[in-house]
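Each remark here refers to the structure printed beneath this line.
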Amino acid sequence: DGSFTSPNLSWDSNGNLIAKNANLSGEITATKGSIAGWTIISDKMYTTGSGKYTGIGKYGSAYAFWAGATSNDNGNSAVFKVGHTGKLTATDVDITGIVTATSGKIGRYDITETYLMTNSGSNASGIGGDQAFWAGAEDSNSAPFRVGYDGSVYCGSFSSENSALKLTLNNGYLTITDKADGTTAF
């Protein structure tokens with residue numbers, strides 16, 4: 001029947017090989033089975049534990065590799081996954097070291113090559129670029145409120161008050177008004 005059996009090597013009539021301490025060379029192809037706790041199927045290898053799946057997919061499957069999936073779904077439900085083009089998608093991530101980004105978003109702020117900015121027009125505010133931070137315009141140098149990298153502050157208008165005094169800064173003029181009698185100090 002073509003089978004063979006010895007203490008360290010055997011095969012059956014169907015071609016199933018069993019070997020101990022085998023050293024194989026050349027091409028090995030597997031479309032199903034398991035290796036080191038990983039399940040092999042035609043387009044991926046995956047393992048599972050604690051209800052989470054980790055896997056590696058061949059080109060044409062959803063993701064190149066993934067971890068934290070809630071099912072054996074080619075990484076679609078994974079909290080960490082990398083596509084075949086290298087795009088990384090991850091949630092609940094701690095990253096240390098240098099992170100460089102020249103586009104995208106951080107919260108509601110748009111990332112550019114030199115600054116972060118949110119909103120537009122007179123509602124815009126930002127961090128970086130020509131000013132340390134600014135508000136009230138898209139151009140940091142013409143914003144009605146801006147703070148330079150040297151700590152200098154420009155404020156087009158400002159108003160603050162408490163129960164006794166009202167402080168107003170408008171077009172470079174400072175006015176302090178006594179709220180009790182309406183007199184102006186400056």
Side-chain angles (χ1 to χ4, degrees), residues 44 46 48 50-186:
K44 66 184 166 194
Y46 68 91
T48 185
S50 300
K52 300 294 181 184
Y53 290 78
T54 300
I56 303 168
K58 75 175 190 177
Y59 193 81
S61 63
Y63 293 95
F65 50 92
W66 64 90
T70 56
S71 65
N72 182 18
D73 61 359
N74 289 327
N76 289 315
S77 64
V79 295
F80 176 88
K81 50 196 165 196
V82 177
H84 292 280
T85 62
K87 181 180 178 183
L88 167 68
T89 304
T91 57
D92 195 21
V93 178
D94 291 323
I95 298 174
T96 60
I98 297 172
V99 176
T100 302
T102 56
S103 65
K105 282 190 164 300
I106 296 177
R108 59 190 277 192
Y109 283 84
D110 295 318
I111 301 170
T112 74
E113 289 189 18
T114 56
Y115 59 86
L116 303 175
M117 187 175 79
T118 188
N119 293 328
S120 61
S122 63
N123 292 319
S125 65
I127 303 166
D130 293 334
Q131 303 292 330
F133 54 93
W134 75 93
E138 291 181 33
D139 175 25
S140 64
N141 291 326
S142 64
F145 175 79
R146 58 189 180 264
V147 177
Y149 289 104
D150 62 357
S152 61
V153 177
Y154 175 84
C155 182
S157 63
F158 172 81
S159 180
S160 178
E161 60 184 281
N162 61 26
S163 61
L165 298 173
K166 179 178 181 181
L167 175 72
T168 305
L169 176 65
N170 194 10
N171 294 324
Y173 296 99
L174 177 65
T175 306
I176 301 174
T177 305
D178 185 326
K179 291 175 75 175
D181 61 15
T183 60
T184 302
F186 292 111

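Since this is a predicted model, take the numbers as computed values, not measurements.
- Atom CD1 of residue Ile111 and atom OG1 of residue Thr102 lie 8.5 Å apart, to the nearest 0.5 angstrom.
- Within the structure, salt bridge (Lys or Arg N to Asp or Glu O under 4.0 Å) pairs that include any residue of residues 137-157 do not occur (at least two apart or interchain).
- Using the six-membered ring where Trp is involved, Tyr59 and His84 have ring planes that are perpendicular, over 60° apart on the 30 and 60° scheme.
- You'll find the side chain of Lys52 reaches within 4.5 Å of the side chain of Thr70, heavy atoms only.
- Pairs passing the ring pair (Phe, Tyr, Trp, His ring centres under 6.0 Å) check and including a residue from residues 126-153, sequence neighbours excluded, read Tyr115-Trp134.
- Inter-residue side-chain proximity for Asp130 and Ser140 is flagged as met; some heavy-atom pair is nearer than 4.5 Å.
- Contact detail for Ala137 and Ala124: the closest heavy-atom pair is O-CB, 3.4 Å.
- When all heavy atoms of Trp66 and Gly75 are compared, the pair lying nearest together is CG-CA, 3.4 Å.
- Screening residues 104-116 for salt bridge (Lys or Arg N to Asp or Glu O under 4.0 Å) gives Lys105-Asp110 as the qualifying pairs, with residues at least two apart or on separate chains.
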* May I have the step-by-step check of side chain to side chain contact (heavy atoms under 4.5 Å, CB included) for Thr112 and Met117, ending in yes or no? => CA-CA 8 Å; Thr112 74; Met117 187 175 79; 5.8 Å; no

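- The environment of CG in Asn162 is crowded: more than 12 heavy-atom neighbours from other residues, nucleotides or ligands sit within 6.0 Å.
- The shortest side-chain heavy-atom distance between Ser125 and Tyr109 falls under the 4.5 Å cut-off.
- Pairing each heavy atom of Pro144 with each of Ala135, the nearest pair is CD-O, 3.4 Å.
- Taking CG of Asp73 as the reference point, atom OG of Ser61 lies at 11.5 Å (rounded to 0.5 Å).
- Side-chain contact of Lys44 with Asn72: a donor-acceptor pair under 3.5 Å is present, judged by distance alone.
- The CG atom of Leu165 lies 10.0 Å from the OG atom of Ser160; values are rounded to the nearest 0.5 Å.
- Rounding to the nearest 0.5 angstrom, the gap separating the CD1 atom in Ile127 from the OG1 atom in Thr118 is 10.0 Å.
- Checked against Thr184 for a side-chain contact (heavy atoms from CB on, under 4.5 Å), the options Ile176, Thr177, Asp178, Thr168 give a single hit: Thr177.
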* Verdict with reasoning, Tyr46 to Ile56, per side chain to side chain contact (heavy atoms under 4.5 Å, CB included) -> CA-CA 6 Å; Tyr46 68 91; Ile56 303 168; over 6 Å; no

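- In plain terms, the two heavy atoms of Ala64 and Gly83 that are nearest each other are CB-O, 3.9 Å.
- Of the possible polar contacts, none joining the Asn123 side chain to the Ser120 backbone as a donor-acceptor pair under 3.5 Å is found.
- Taking all atoms of both residues into account, the shortest heavy-atom contact from Gly68 to Thr54 is N-OG1, 4.4 Å.
- Taking the side chain as every heavy atom from C-beta outward, Leu88 and Phe80 approach each other to under 4.5 Å.
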